[in-house]
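Take a look at the structure set out below.
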Amino acid sequence: MEMTRKRIQIKKIDNISSRQVTFSKRRKGLFKKAQELSTLCDADIALIVFSATSKLFEYASSSMHQVIERRDSHSAMNRLDRPSIELQIENDSNEILRKKVEDKNRELRQMNGEDLQGLTLQELHKLEEHLKRGLINVSKVKDEKLMQEISTLKRKGVELMEENQRLKQVPSLIHVHRQSSESILSNSSNLPEDGGSDTSLKLGLP
């Protein structure tokens, strides 16, 4: 019976000696696989590995310097292409917005009874129903505004009537006050001029 190989759990090896042995084996295996890939597929490969002790290991199928230069030039080309991609996205967004504005302007003209020749019978019927609903809403809001204005005018009319009644009462109050003042003055004029003689007579003094 063939024994199945136990899979090693991929995690950091705590034992330093085991870690160094595993690093050496895996590094050699990695470089061997890179060499095979380069030979089989004609790929240009470069590997750079630093150990835990900062020791450098590298492999290049041709020249490490040439591969790095190729990599840098490729990254620079990507950076140059990115603005053009972003510009294309921006142009696409502007085109979408422009089309939306045109559609809304055309709908507005059609609601004003213009630019109707290209519409089908179904589209014309839909536009008519839309206008009817809009007219109902406008009439509803207009009626509400009229009722508010009528209510405001009625309230102002009541306030004006109350103010008119108050102003009518003012002359009556002035007339009553004037009569009271005249009565007091009349009574004062009928008093005897020599108040002392009259008092002495009443008391029977010589």
Side-chain angles (χ1 to χ4, degrees), residues 7-12 30 33-34 37 41-50 66-185:
R7 297 186 63 180
I8 300 175
Q9 186 178 6
I10 303 300
K11 66 176 184 178
K12 182 180 178 180
L30 179 63
K33 290 294 183 182
L37 180 62
C41 303
D42 195 24
D44 204 1
I45 300 174
L47 290 177
I48 298 175
V49 179
F50 284 96
Q66 290 178 358
V67 174
I68 292 176
E69 282 188 344
R70 185 175 178 184
R71 184 262 177 195
D72 291 341
S73 63
H74 187 269
S75 298
M77 289 177 63
N78 286 338
R79 286 194 297 270
L80 290 174
D81 290 341
R82 184 168 299 172
S84 62
I85 294 174
E86 293 176 352
L87 182 61
Q88 181 64 37
I89 294 173
E90 183 178 356
N91 290 335
D92 292 343
S93 299
N94 291 336
E95 180 64 22
I96 293 172
L97 290 174
R98 186 187 64 79
K99 190 175 183 305
K100 286 183 177 180
V101 171
E102 287 182 355
D103 293 341
K104 293 299 180 182
N105 288 333
R106 184 172 60 255
E107 290 178 6
L108 182 60
R109 291 194 302 271
Q110 291 172 352
M111 291 182 68
N112 289 329
E114 303 172 0
D115 198 10
L116 303 176
Q117 299 301 325
L119 297 180
T120 64
L121 184 61
Q122 183 178 1
E123 290 173 339
L124 288 170
H125 179 70
K126 184 178 179 180
L127 178 61
E128 183 182 15
E129 292 297 324
H130 182 72
L131 290 173
K132 285 180 180 179
R133 289 194 300 270
L135 182 60
I136 291 173
N137 292 333
V138 170
S139 298
K140 182 179 178 181
V141 174
K142 185 186 70 174
D143 292 340
E144 290 176 355
K145 294 290 185 181
L146 286 173
M147 293 302 296
Q148 291 177 359
E149 291 185 3
I150 291 172
S151 178
T152 302
L153 289 174
K154 286 182 177 179
R155 187 178 66 254
K156 289 183 178 180
V158 172
E159 292 175 354
L160 288 173
M161 290 178 64
E162 291 176 352
E163 180 68 15
N164 189 31
Q165 289 291 92
R166 189 182 65 80
L167 292 174
K168 286 181 179 180
Q169 293 175 0
V170 171
S172 299
L173 294 174
I174 295 174
H175 182 67
V176 171
H177 180 70
R178 183 179 298 171
Q179 286 181 342
S180 177
S181 300
E182 291 176 351
S183 177
I184 293 171
L185 292 173

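Sequential numbering from 1 along the given sequence is applied to the chain's residues.
- Between the side chain of N105 and the backbone N or O of V101 there is at least one donor-acceptor pair closer than 3.5 Å.
- Shown here for V67 and I45, the closest heavy-atom pair between the two residues is CG2-O, 4.4 Å.
- When side chains are defined from C-beta on, K126 does not count as touching E129, because their heavy atoms never get closer than 4.5 Å.
- The distance from the CG atom of L116 to the CG atom of L127 is 6.5 Å, given to the nearest 0.5 Å.
- Shown here is D42, whose CG atom has no more than 12 heavy atoms of other residues, nucleotides or ligands within 6.0 Å.
- Annotation: R109, atom CZ; neighbour count of heavy atoms from other residues, nucleotides and ligands within 6.0 Å is above 12.
- Atom CD1 of residue I136 and atom CG of residue L131 lie 11.5 Å apart, to the nearest 0.5 angstrom.
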Residues 142-156 side chain polar contacts: donor-acceptor under 3.5 Å, at least two apart:
unit_1, atom_1, unit_2, atom_2, d
T152, OG1, Q148, O, 2.8

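- We find that E95 and R98 are joined by a salt bridge, their nearest charged nitrogen and carboxylate oxygen being less than 4.0 Å apart.
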Take R106 and D103, measure what salt bridge (charged side-chain N to carboxylate O under 4.0 Å, His left out) needs, and give me the verdict at the end. CA-CA 5 Å; R106 184 172 60 255; D103 293 341; 2.8 Å; yes
Would you check, one step at a time, whether the test salt bridge (charged side-chain N to carboxylate O under 4.0 Å, His left out) holds for E163 with R166? CA-CA 5 Å; E163 180 68 15; R166 189 182 65 80; 2.5 Å; yes
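- How far CZ of R70 is from CG of D72: 12.5 Å, rounded to the nearest 0.5 Å.
- Taking a 6.0 Å sphere around CD of E114, one finds it holds more than 12 heavy atoms contributed by other residues, nucleotides or ligands.
- In this structure R133 satisfies the salt bridge (charged side-chain N to carboxylate O under 4.0 Å, His left out) test with no other residue, sequence neighbours excluded.
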